[in-house]
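Take a look at the structure below.
Quantities reported herein were computed from a predicted structural model and do not represent experimental measurements.
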Amino acid sequence: MTEEFEINDAHVAFDFKGFLFRLLHHWPLFLICFVVAFSIAYYINVRKLPLYKMENLVSIKDDQNPFFTSNTSLTFNWGGTTDKVNTSIITLQSRSHNEKVVERLQYYLDYLRDGKYQQVDAYKQTPFFVEVDTTKFQMLNKQMKIVFKDSVNFTMRVAFEEAGNLTFQNYTTKEKVTKFVDAGEFVQDFKMGQPISLPFFAGTFIPNTDVITNPGTSFYIAFRNYDDVVKKYLGIRVNAESKGSSVLKMWLTGQNKAQLVDYLNTSVQVLSEDMLERKNLFATKTIKFIDSSLAQKTAELSTVEDELNKFKNKNAIFDLASEGTEIKAKLNGLDLRKEEAIREMNYYTTLQEYLLNRSDYRDVPAPSVAGIAEESIVAGVGKIITLAEERNKLQYSFKEDAPIFNDLDRKIDAVKNVLLENIRSSKSLKSQELSSINKNIGRHESEIKKLPKEQQDLLNIERRYNLSQGVYNLFLAKRSEAGLVKAANVSDVMVIDQAKDTGGGQIGPNTQLNYMMAGLLGLLFPILFVFVKVFFDTKLNNIKDLEGVTKIPLLGIIGKSHIDDNLAVLRKPKSAIAESFRALRSSLQFIYKQQGLKGAKTVLVTSSISGEGKTFCSINLASVFALSAKKTVLVGLDLRKPRIFGDFHVKNAMGVVNYLIDEADIDTIIQKTEIDCLDIIPSGAIPPNPSELLISEKLDELIEELKGKYDYIILDSPPLGLVSDALELIKHVDATIYIARFNYTDKNMFGFINEKYRRGEIKNISIVLNDYIEKTGRGYGYGYGYGFGKYTSYGSNGYHEEVKPPTLLDKMKKIILKK
């Protein structure tokens, strides 16, 4: 027996079948949870605004200027298309780029209207646009209500619920200030096209011809924090269509398709303009420089020309002699070469100082300004400017200590070092060229000294004039060249598909997902509830629970009784309850037979605690024995809480206590009942020492006398788990029935009786499960056993008289009648 208990204690298994039945039993909870969950999901879905996704396609191409040659040096394409694609992706997602887009579209101003359940975005759906005066401070995060009286006149209304500080922002400087505003309501009428200047708003309402004005309709406008709006659009998605592809797909999600379309297209437009401006950078700088130089050279040329004319008129010399003309032609060529060499030397010196002393290389002077076409210099300057521009753009998207900056700085330093080396080499060559030119000029100037004084002076003046005119013509040609290059440049951004509202595009809300979540939650919560309830429930809820906590055999199962009193067998002899007690009687007779008992037989009925149906089972077990024409006596030995007398309508004045204290004999305490073969002995008055009375020799005498008078003696004892009285009575009986109540008895209560059973202190004990309800919904069952823990269950299947449970109305009537 000890081994059996050890095996049972080590075996712990979850009853999945029982758990499933418990779930089915709680079907109303599932129904309520489903209704609540789906109601919440519906409430959320109908109030969720639609979510749209708009997209466009652009290509970052490599458009070479058809007028670009190695001589112009005004445009660059270092890095190829791949670098341009990567730069474009980073640029489109950078803060500086999105600031330009937000500012151009004035997306810091929200247009709203009343929807079915809440306010909705009304961008391009209002009969007006607002031209914001960005030089003035605008009130943030406070709605201004606009109600049109007709197509021209409208009322602006602003409610200031309470006095306090409000934030204002200037969208030109991005400066924010705080101003105190008194509580109250502002209401004033305005007209379309009328400039409005208020302490909290400055701008002009202009008509939107695409929307018809409906008088009385309310619209709302509200200014938002500029930086917050920009952050919202930093989430724009930009991806290459495939690895290494120059085609980019851009998309945005939001609640207003027109707003998304305008933002995507404007973002591409701003990128195209910026890339074209960057492409024209050298040409723009060259034109700017040449324009200033041309003005200087024009004045210089005019001065020399006036000097030449005056000299000719004064000395009546209008042309040089043939010898002077030849020297002049040679010197003019040398002067122009010297001027060009000096200009290039000056550029190299300036570029060298710039690279050594500056950290921002975006304003490196263009080689074309000095007419330099050396490929190494042109390529080096182009590389360093491109890298500097890329670094500047990344500053808006990354922190200064980001690894990408270290990589760019290394590239810039590498290009700078190569460029400085090329500059030193070029300067050395130009110095040699300049030295050679000076020697040739000196040789020809010595020849001039042989000419007459007037010829010498005329030649010197014409040399200066020709030099100025040559430089002037050079700058003029460069100016024309730069203008031609700039005019012919096109952006490297080509729009393949503009963002456009073609219908559809809705990606949310995912109402099906919400309903699926509602279904899952509606299923999960009841399951969790039942699981927790089962996990923490220590009550006996099924037969397996009983088998799991004790090895004491199950003798029988008594179903739930719906009869008002304890006389279930007597009141409904054909009921399932009555049949279950007959099965219990048969099982007891089998036990007696195994023991080989002859003559009178005794049985003790006990339980763990009160309320488990011990008295109910005692009365009905005694009733079935008596109905079988066996002389039966029911003895009330629960001296602390006597109960059996009430159902038989007998008095408790004389009973077991009177016999035990020698106040009455056995015939005096025996009382007849309405059943012919059934007598009862009530417990009598409650004594002060019940335990001492039950262990007295008088109880032995009582049992022996009863055996001489009756066939079956049923002892209704106190609960075994509360007092020790029942233990003292066990030695007097042939069988002990331990009552456990379904969904009432705590499984932990079996520890005491298990220990007694394991030690052998209690023998011939069996368990009866009382008040059992079949959880499958098929009614209750009953059973009988043979002392080995096996049983057979029956239900209300037509063989027995059905006892219907009392309705709510019946229960109410019963309460009223008691009153």
Side-chain angles (χ1 to χ4, degrees), residues 555-559 561 563 565-575 577-592 597 599-607 612-639 641-652 655-656 659 666 669-684 699 702-703 705-719 726 729-730 732-739 764 766 768 770-771 782 784:
L555 189 65
I557 299 175
I558 308 300
S561 174
I563 300 174
D565 55 28
N566 287 329
L567 303 177
V569 172
L570 185 60
R571 299 286 183 264
K572 298 287 183 179
K574 294 182 179 180
S575 66
I577 293 288
E579 190 62 35
S580 64
F581 277 104
R582 292 187 183 98
L584 188 60
R585 179 188 62 191
S586 300
S587 299
L588 280 171
Q589 288 173 341
F590 183 81
I591 292 174
Y592 296 145
L597 295 177
K601 303 170 184 65
T602 57
V603 58
L604 175 73
V605 181
T606 186
S607 64
E612 291 175 313
K614 171 178 59 64
T615 300
F616 170 77
C617 292
S618 300
I619 292 173
N620 286 283
L621 182 60
S623 298
V624 294
F625 275 118
L627 290 174
S628 64
K630 300 293 183 180
K631 294 187 65 177
T632 307
V633 62
L634 174 60
V635 183
L637 293 181
D638 189 353
L639 305 184
K641 288 186 177 181
R643 292 181 180 176
I644 62 171
F645 61 91
D647 293 285
F648 290 101
H649 303 292
V650 297
K651 296 180 180 180
N652 192 40
V656 174
Y659 180 86
I666 191 169
I669 62 176
I670 294 175
Q671 301 188 41
K672 298 293 182 179
T673 68
E674 56 186 291
I675 303 175
D676 291 339
C677 296
L678 177 62
D679 295 337
I680 69 167
I681 301 177
S683 59
L699 181 63
L702 176 63
I703 298 297
E705 286 193 59
L706 292 176
K707 285 183 178 180
K709 293 177 175 287
Y710 296 97
D711 297 319
Y712 290 96
I713 303 165
I714 313 297
L715 304 182
D716 179 34
S717 75
L729 298 174
I730 289 177
H732 298 291
V733 299
D734 303 315
T736 301
I737 294 177
Y738 190 86
I739 304 297
N764 299 322
S766 303
V768 170
N770 183 37
D771 203 30
Y782 67 91
Y784 59 91

Taking all atoms of both residues into account, what is the closest heavy-atom pair of Ile666 and Glu705, and its distance? CG2-OE1, 3.1 Å

Does any non-hydrogen side-chain atom of Leu634 lie less than 4.5 Å from one of Phe648? yes

Lys672 and side-chain contact (heavy atoms from CB on, under 4.5 Å): which partner among Ile680, Leu678, Val650, Asp679? Asp679

Identify the heavy atoms of Gly655 and Ile669 that sit nearest to each other, and give their distance. O-CG2, 3.2 Å

Between CD1 of Ile714 and SG of Cys617, what distance do you get to the nearest 0.5 Å? 11.5 Å

Applying salt bridge (Lys or Arg N to Asp or Glu O under 4.0 Å) as the test, list every pair that has at least one member in residues 614-623; sequence neighbours left out. Lys614-Asp638, Lys614-Asp716

Show the nearest heavy-atom pair for residues Gly684 and Pro642, with the distance to one decimal. O-CG, 4.2 Å

Using a 3.5 Å distance criterion without hydrogens, assess whether the side chain of Asn652 forms a donor-acceptor pair with backbone atoms of Phe645. no

From Lys707 NZ over to Leu702 CG, what is the distance, rounded to the nearest 0.5 angstrom? 11.0 Å

If you measure from NE2 on His649 to CD on Glu674, what distance do you get to the nearest 0.5 Å? 7.0 Å

Nearest-0.5 Å distance, CG of residue Leu597 to OG1 of residue Thr602: 8.0 Å

How many angstroms lie between CG in Leu715 and CG in Leu729, if you round to the nearest 0.5 Å? 6.5 Å

Ser607 side chain to Tyr738 backbone, donor-acceptor under 3.5 Å: no

Looking at Ile577 and Gly559, what are the two nearest heavy atoms and their distance? CD1-O, 2.9 Å

Test item: Leu621 and Ile737 side chains (from C-beta on) under 4.5 Å apart, heavy atoms: yes

Starting at CG of Leu637, measure out to NE2 of His732 and round the result to the nearest 0.5 Å. 9.0 Å

Check whether any side-chain heavy atom of Asp734 lies under 4.5 Å from a side-chain heavy atom of Asn764, and answer yes or no. no

Residues which pass side-chain contact (heavy atoms from CB on, under 4.5 Å) with Ala578, listed by chain and number, not counting sequence neighbours: Val569, Ser575, Arg582

Tyr659 meets the ring-ring contact (aromatic ring centres under 6.0 Å, His included) criterion, sequence neighbours left out, with none

Do Val733 and Val603 come within less than 4.5 Å of each other through their side chains, counting heavy atoms only? no

Measure the acute angle between the ring planes of Tyr712 and Phe625, then classify it against the limits of 30° and 60° as parallel, tilted or perpendicular. parallel

Which heavy atom of Asn770 sits nearest a heavy atom of Gly613, and at what distance? ND2-CA, 3.5 Å

State whether the side chain of Gln671 and the backbone N or O of Pro682 hold a donor-acceptor pair below 3.5 Å, judged by distance alone. no

So side chain to side chain donor-acceptor pair (under 3.5 Å) across residues 619-633, not counting sequence neighbours, yields none

Minimum heavy-atom separation for Ile644 to Val635, with atom names? CD1-C, 4.2 Å

Identify, with sequence neighbours excluded, every residue that meets ring-ring contact (aromatic ring centres under 6.0 Å, His included) alongside Tyr710. none

By salt bridge (charged side-chain N to carboxylate O under 4.0 Å, His left out), which residues pair with Lys709, not counting sequence neighbours? Asp667

